[in-house]
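Below you'll find the structure, written out as structure tokens, and then a few comments.
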Amino acid sequence: MLARNSELNGALSSVQQLEDRFNKRFGYPWVFLNEVPFTAEFKEKMSAIISGPVSFGLIPHDHWFQPDWIDEEKATAGREHLIQDGVIYGGSVPYRNMCRFNSGFFYRHPLVQKYKWYWRVEPSVNFLCETDFDPFLFMEENDKLYGFTVALYEWPVTVPSLWNAVKEFIDVHPEHLAPNNSMKYLSDDGGTSYNLCHFWSNFEIANLEFWRGEAYSKFFDYLESKGGFYYERWGDAPVHSIGAALFARKDQIHFFDDIGYQHPPFTHCPRNGEVRRTKNCTCTQFDSFDYNGYSCLRKWEQAIRS
Ligand code: GDP
Ligand code: MN
């Protein structure tokens, strides 16, 4: 979990729910990261509700803050443009730091480096059902790389030049494209344009080695060189999603229908009533974002069927 000290209560709530709904059975370790030291209060309260191992890490300066080579005038103009468009976090530099960090750095942090699998958790999210199975084992045993619960469209003004950068990268490095990838999920015209579909990355269960691998590493470096994390407002959700959809096979991406999850304002609730009953879910299919007009789940299902 990446979190600010000011988010302690929301962080405690998320952690307590996931411990209760899942981790008390498994005792997996928690890692908390922050660009400033966690307060004693944060560490003490968090440690008290976690049964297994827990660690608190500081993010290296260069993994978080805007690099010196970014043209600040251009970055300022980019922020002003998004403020005028009324885009959420349009004028925020910390938000951009966070998106860049989550796109290309969290998996290299010394406290994360020793792990192969992670479940990304944010403050103030809700886990709505029991998770009685081990999703990491499921991923490992079924040769999966990336798991999600919510899929949706990105705001176009946050990523105007992202797809061009993606196409340039693919032109130079076609060898990194996975056979049987899910380009169909990202593009409705065979790769010419981006349809803005992505997996909502505030929930992710995924393989860290995939991000550390050659394809995604080179891809991230190429995107970084474009400066779009600061000149525009590239989110880690579209960046991860494009990476997963292009460099993993489509059968390596998994929709965790069985995990009830809410990051306001959107919820995913298991479809099957029997599943909701056995897993004691506090949601119904009516809460679910799955087939909302802004959801990309239908597109995902079409992409994997074809
Ligand atoms: P949203 O989900 O896109 O609205 O963005 P959030 O505010 O939830 O931020 C995403 C994640 O990054 C959450 O886990 C936040 O706690 C974390 N985060 C966002 N900004 C900062 C920051 O400036 N410092 C730290 N340490 N964490 C941040
Ligand atoms: Mn959030």
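Model, not experiment: these values are computed from the prediction. First listed ligand is number 1; within each ligand, the first listed atom is number 1. Numbering of residues begins at 1 and proceeds along the displayed sequence.
Atom 1 (P) of ligand 1 has as its closest protein heavy atom Y89 OH, 3.7 Å. Among protein heavy atoms, the minimum distance from atom 24 (N) of ligand 1 is reached at E35 OE1, 2.9 Å. The single protein non-hydrogen atom nearest to atom 7 (O) of ligand 1 is R4 NH2, 3.4 Å, given as residue, atom name and distance.
Note: F255 and W300 fail the aromatic proximity criterion, with ring centroids not under 6.0 Å apart.
Applying the 4.0 Å criterion to heavy atoms of E7 picks out, from ligand 1, the atoms 15 (C), 16 (O). Of all the atoms in ligand 1, the ones that sit under 4.0 Å from a non-hydrogen atom of P123 are 13 (C), 14 (O), 16 (O). Below 4.0 Å from some heavy atom of N34 lie the following atoms of ligand 1, by number and element: 26 (N). Near Y95, with a cut-off below 4.0 Å to any heavy atom, the atoms of ligand 1 are 1 (P), 3 (O), 5 (O).
Contact annotation: for W64 versus ligand 1, heavy atoms closer than 4.0 Å belong to the side chain alone.
Where the criterion is an N or O separation shorter than 3.5 Å, residue side chain and backbone included, A3 meets it with respect to ligand 1. Between N102 and ligand 1, a contact under 3.5 Å exists for no N or O pair.
Vertex the Mn ion (ligand 2); arms to E122 OE1 and H263 NE2; angle rounded to 10 degrees, 90°.
Nearest heavy-atom pair across F229 and S103 is CE2-OG, 3.3 Å.
Between H240 and F106, the two ring planes are tilted [angle within 30° to 60°]. Aromatic ring orientation, W64 versus F101: tilted (interplanar angle from 30° to 60°).
At least one heavy atom of H263 sits less than 4.0 Å from an atom of ligand 1. Residue contacts with ligand 1 include L2, since one of its heavy atoms falls under 4.0 Å from the ligand.
Cys pair C283/C269: SG-SG separation is below 2.5 Å.
A salt bridge is defined here as a Lys NZ or Arg NE, NH1 or NH2 lying under 4.0 Å from an Asp or Glu carboxylate O, and D85 with R233 fails to meet this definition. For D171 and K167, the salt-bridge test fails: no basic side-chain N is under 4.0 Å from an acidic carboxylate O.
Judged by the 6.0 Å and 45° rule, K74 forms a cation-pi pair with Y231.
Other residues, nucleotides and ligands contribute more than 12 heavy atoms inside 6.0 Å of the CD atom of E72.
For atom 19 (C) of ligand 1, the candidate residues are E122, M98, R120, R96; the nearest heavy-atom contact is made by M98.
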